[in-house]
Amino acid sequence: MPPKKKVSGLIKLQIPAGAANPAPPVGPALGQHGVNIMDFCKAFNARTAEDAGTITPVVITVYQDRSFTFITKTPPAAVLLKKAAQIAKGAGDPKRDRVGKVTRSQVEEIAKQKMVDLNANDLQAACKIIEGTARSMGIEIA
């Protein structure tokens, strides 16, 4: 077994799937750690090509020899809720304003998709987390 590489940094970014480029925020974040930016962009775009346009969180682990590995996560719950409710953005004042509606079945679908990244023991708990996000965005659950 080869010796373990020493980690020199962790970078967390949210990038549109299939659209990583050296412009900010990607370039400066990777550049300060000495990572080859184009290598990351090509690898990320290849891995996320089928979800093009969806915001995708990525965690990049940078090693001392300037190599890197990265893990892509599921899109944020807010992005998925906006898509399901067919709205451009959440409410400015979610306590008073309602900007859209989602059904319980839509919430359940989003919870199933997000289950791997959520801190929930079962689907019901995951649904509650998604419902809380919807409420904080001013989206009604029908």
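This chain uses plain numbering: 1 for the first residue, then up along the sequence.
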- Task: Tell me, with the steps shown, if Arg104 and Ile141 meet side chain to side chain contact (heavy atoms under 4.5 Å, CB included).
- Result: CA-CA 6 Å; Arg104 291 245 182 253; Ile141 296 133; 3.3 Å; yes

- Item | Atom of Thr48, atom of Thr56 and distance for their closest heavy-atom approach | CG2-CG2, 4.4 Å

- Message: Using 0.5 Å steps for rounding, measure from the CD atom of Gln113 to the CD1 atom of Ile130.
- Response: 9.5 Å

- Item | Interatomic spacing from OG in Ser136 to CD in Glu131 - rounded to 0.5 Å | 12.0 Å

- Shortest non-hydrogen contact between Lys82 and Met137, atoms and distance: CG-CE, 3.4 Å

- Fellow cluster residues of Val62, listed by chain then number, with links counted only when side-chain atoms sit under 4.5 Å apart: Ile11, Leu13, Ile15, Val26, Leu30, Val35, Ile37, Phe40, Phe44, Val58, Ile60, Phe68, Phe70

- Query: What are the two closest non-hydrogen atoms of Ala78 and Thr133, and how far apart are they?
  - Reply: N-CG2, 4.2 Å

- Task: Measure the CZ-CD1 distance between Arg47 and Ile71 for me, rounded to the nearest 0.5 Å.
- Result: 8.5 Å

- Query: Take atom CD in Glu50; do more than 12 heavy atoms of anything else shown fall under 6.0 Å from it?
  - Reply: yes

- Hydrophobic cluster mates of Ile55, side-chain heavy atoms under 4.5 angstrom, ILVMFWY only, any path? Val79

- Message: Tell me whether Asn121 at atom CG has more than 12 heavy atoms from other residues, nucleotides or ligands lying less than 6.0 Å away.
- Response: no

- Item | Over all atoms of both residues, closest heavy-atom pair of Thr54 and Pro75 | CG2-CG, 3.4 Å

- Taking side chain as C-beta onward, heavy atoms only, is Pro22 less than 4.5 Å from Met38? yes

- Each residue besides Leu10 in its hydrophobic cluster should be listed here, by chain and number; the cluster joins Ile, Leu, Val, Met, Phe, Trp and Tyr at side-chain heavy-atom distances under 4.5 Å. Val59

- Approximate separation, where rounding is to 0.5 Å, of Gln106 CD and Leu81 CG: 9.0 Å

- Message: Return the NZ to CZ distance between Lys128 and Arg135, rounded to the nearest 0.5 Å.
- Response: 9.5 Å

- Is it true that a side-chain atom of Lys112 and a backbone atom of Val107 form a donor plus acceptor pair closer than 3.5 Å? no

- Supply the atom-to-atom distance Glu108 CD to Thr103 OG1, rounded to the nearest 0.5 angstrom. 9.5 Å

